[in-house]
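Report on the structure given below.
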Amino acid sequence: MPSCRLADDFAARLLAWWDEHGRHDLPWQHPRTAYRVWVAEIMLQQTQVSTVIHYYRPFLQRFPDLQTLACAGIDDIMSAWSGLGYYRRAVHMHRAAQLCMQLHKGALPTTAEALLALPGIGRSTANAIISQSLDLPLPILDGNLKRVLARHAGIAGWPGERSVERKLWLAAELRLPQHRGADYAQACMDLGATLCRRRQPRCGDCPVAGDCHALQLSQQDELPGRRQRRAKTQRQLQLLVYRRGDQILLQKRPAIGIWASMWSLPEGTADPRSAQAMQVIRHELTHLQLHITPWLMPETAECMVADTPLQWYKLRESLQLGLPKPIRDIIAQLPEPD
DNA sequence: AAGCCGGGGAT
DNA sequence: ATCCCAGGCTT
């Protein structure tokens with residue numbers, strides 16, 4: 001069967017390359033327990049290794065096992081997550097940990113199906129956890145693999161499209177080895193991260209360049225295809241800065257929407273006759289552009305009643321809470337109290 | 001199928 | 001400025 005030859009060749013060459021040139025010292029590789037791999041995989045969703053590196057060890061120090069995470073308060077978890085972005089991941093992880101306490105005797109389940117049922121875990125993440133912690137060969141399809149496979153198999157189109165994604169999953173399955181599932185998953189990602197990069201791929205060093213479709217046709221720069229880009233919607237955000245001596249008033253964001261469940265500055269409208277507009281901050285997200293106007297409220301102003309919790313914090317303490325970056329920046333540039 | 005959800009790094 | 005990153009969830 002030709003597909004077996006493909007799998008053997010591809011995986012064997014990749015593994016041989018990885019043994020010598022791969023990354024063997026990432027913090028979640030030692031030991032490769034399910035909990036440690038899970039935390040890493042969630043942090044790594046849409047987030048680069050170079051960023052996650054700074055968060056992973058402190059997070060594990062604070063939440064060394066699944067039970068600790070399940071029993072922790074969401075504020076503690078959000079604080080540890082602060083700066084990583086996509087904060088819903090932290091909420092999902094907390095809920096997943098509690099579900100594991102109820103349904104799986106306090107451990108992560110050991111089948112992809114059961115993992116898939118947990119919030120925050122899709123097919124790729126489930127397979128990544130199983131393959132790495134149990135050393136079983138299962139296909140994964142993250143940003144690295146989408147690029148590697150689109151090029152090696154010559155799959156055109158934007159991977160966000162269903163039809164393209166289906167082809168990519170099939171290509172991933174066809175290349176699976178019989179053994180060394182954990183090393184193979186890591187090898188695939190290392191190939192994408194270090195050689196088969198978006199720009200300037202190092203095809204001269206690639207172990208699977210010999211039968212790479214993109215290289216044969218010089219299509220490395222065209223594959224994978226890009227999404228059609230759209231204009232970002234613009235959104236205004238008015239934030240209120242209430243000072244009381246060395247304290248500042250913060251408000252919990254709603255559980256849905258941007259910065260879900262995080263502490264932030266209260267949102268509302270200010271009277272420009274009494275409040276002082278600070279410098280407008282532009283904050284880019286994937287799908288929209290925020291124009292944030294912070295309003296310095298007069299000291300005598302009363303804060304309106306809100307539908308989410310309000311809390312006074314000392315300036316210095318507030319910066320330890322885990323605030324969205326623009327909020328941190330606004331607070332950091334406030335003048336010190338007299 | 002398309003929209004939503006952050007922040008940082010590279011170019 | 002623009003693109004991309006160890007994606008998944010919701011509508």
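Just so it is clear, the structure is predicted and the values come from calculations on it, not from any experiment. Sequence lines set the chain letters: A, B, ... in the order given, protein chains first and strands last, and positions in each chain run from 1.
Protein atom CG of A/Asp329 is 13 Å distant from nucleotide atom C1' of B/dG6, rounded to whole Å. Between A/Ile292 atom CD1 and B/dG6 atom P the separation is 12 Å, expressed in whole Å. A/Arg197 places its CZ atom 8 Å from the P atom of B/dT11, with the value rounded to the nearest Å. Taking atom CD on A/Gln289 and atom C1' on B/dG6, their separation rounds to 14 Å, with Å as the unit. Look at NE2 on A/His54: it is 7 Å from P on B/dG9, rounded to the nearest Å. Separating the CZ atom of A/Arg328 from the C1' atom of B/dG8 is a distance of 11 Å, rounded to the nearest angstrom. Between the CZ atom of A/Arg230 and the C1' atom of C/dT2 there is a distance of 15 Å, rounded to whole Å. Rounded to an integer number of Å, the gap from A/Lys232 NZ to B/dG3 P is 14 Å.
OP1 or OP2 of B/dG7 lies within a sub-4.0 Å distance of a side-chain N or O belonging to A/His283. OP1 or OP2 of B/dT11 has not a single side-chain nitrogen or oxygen of A/Arg199 nearer than 4.0 Å. Dashed line: the shortest gap from a side-chain N or O of A/Trp259 to OP1 or OP2 of B/dG7 is under 4.0 Å.
Listed by chain and residue number, nothing satisfies the side-chain hydrogen bond (donor to acceptor under 3.5 Å, both in side chains) test with A/Arg151 (two or more places apart in sequence, or in another chain). Residues that satisfy the side-chain contact (heavy atoms from CB on, under 4.5 Å) test with A/Asp271, not counting sequence neighbours, are A/Arg273, A/Ser274. Partners of A/Leu60 by side-chain contact (heavy atoms from CB on, under 4.5 Å), not counting sequence neighbours, listed by chain and number: A/Tyr35, A/Arg36, A/Tyr56.
Using a 4.0 Å heavy-atom cutoff across all strands shown, A/Gly83 reaches sugar-phosphate atoms only and no base atom. Across all strands shown, A/Pro224 has no heavy atoms under 4.0 Å from either base or sugar-phosphate atoms.
Taking 3.5 Å as the limit, the base of B/dG7 and the side chain of A/Thr51 contain no donor-acceptor pair of atoms between them.
Note on ring orientation: taking the six-membered ring where Trp is involved, the planes of A/Trp263 and A/Tyr313 are perpendicular (angle over 60°, cut-offs 30° and 60°).
For the C1' atoms, the distance linking C/dA6 with B/dG3 amounts to 23 Å, nearest Å. Between C/dC5 and B/dG6, the two C1' atoms lie 12 Å apart (nearest whole Å).
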If you look only at distance, which donor and acceptor atoms sit under 3.5 Å apart when one is on a side chain in residues 85-96 of chain A and the other is two or more places apart or in another chain?
unit_1	atom_1	unit_2	atom_2	d
A/Tyr87	OH	A/Gly83	N	3.1
A/Arg89	NE	A/Tyr86	O	3.2
A/Arg89	NH1	A/Ile42	O	2.9
A/Arg89	NH1	A/Met43	O	2.8
A/Arg89	NH1	A/Gln45	O	2.8
A/Arg89	NH1	A/Thr47	OG1	3.2
A/Arg89	NH2	A/Thr47	OG1	3.4
A/Arg89	NH2	A/Leu84	O	3.3
A/Arg89	NH2	A/Gly85	O	2.9
A/His94	NE2	A/Ala70	O	3.4
A/His94	NE2	A/Ala72	O	2.9
A/His94	NE2	A/Gln98	NE2	3.3

Residues 127-139 of chain A, side-chain donor-acceptor partners within the protein, below 3.5 Å, at least two apart:
unit_1	atom_1	unit_2	atom_2	d
A/Asn127	ND2	A/Pro139	O	2.7
A/Ser131	OG	A/Asn127	O	2.9
A/Ser131	OG	A/Ala128	O	3.2
A/Gln132	NE2	A/Glu41	OE2	2.9
A/Gln132	NE2	A/Ala128	O	3.3
A/Ser133	OG	A/Ile129	O	2.6
A/Asp135	OD1	A/Gly181	N	3.2
A/Asp135	OD1	A/Ala182	N	2.8

### Under 4.0 Å protein heavy-atom contacts per nucleotide of nucleotides 6-11 of chain C, with B for base, S for backbone only and - for none
BBSS--
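Between A/Glu161 and A/Ser50, the one whose closest nucleotide on DNA chain B sits nearer the 5' end is A/Glu161.
A side-chain donor from one of A/Asp190 and A/Trp18 sits under 3.5 Å from a side-chain acceptor of the other.
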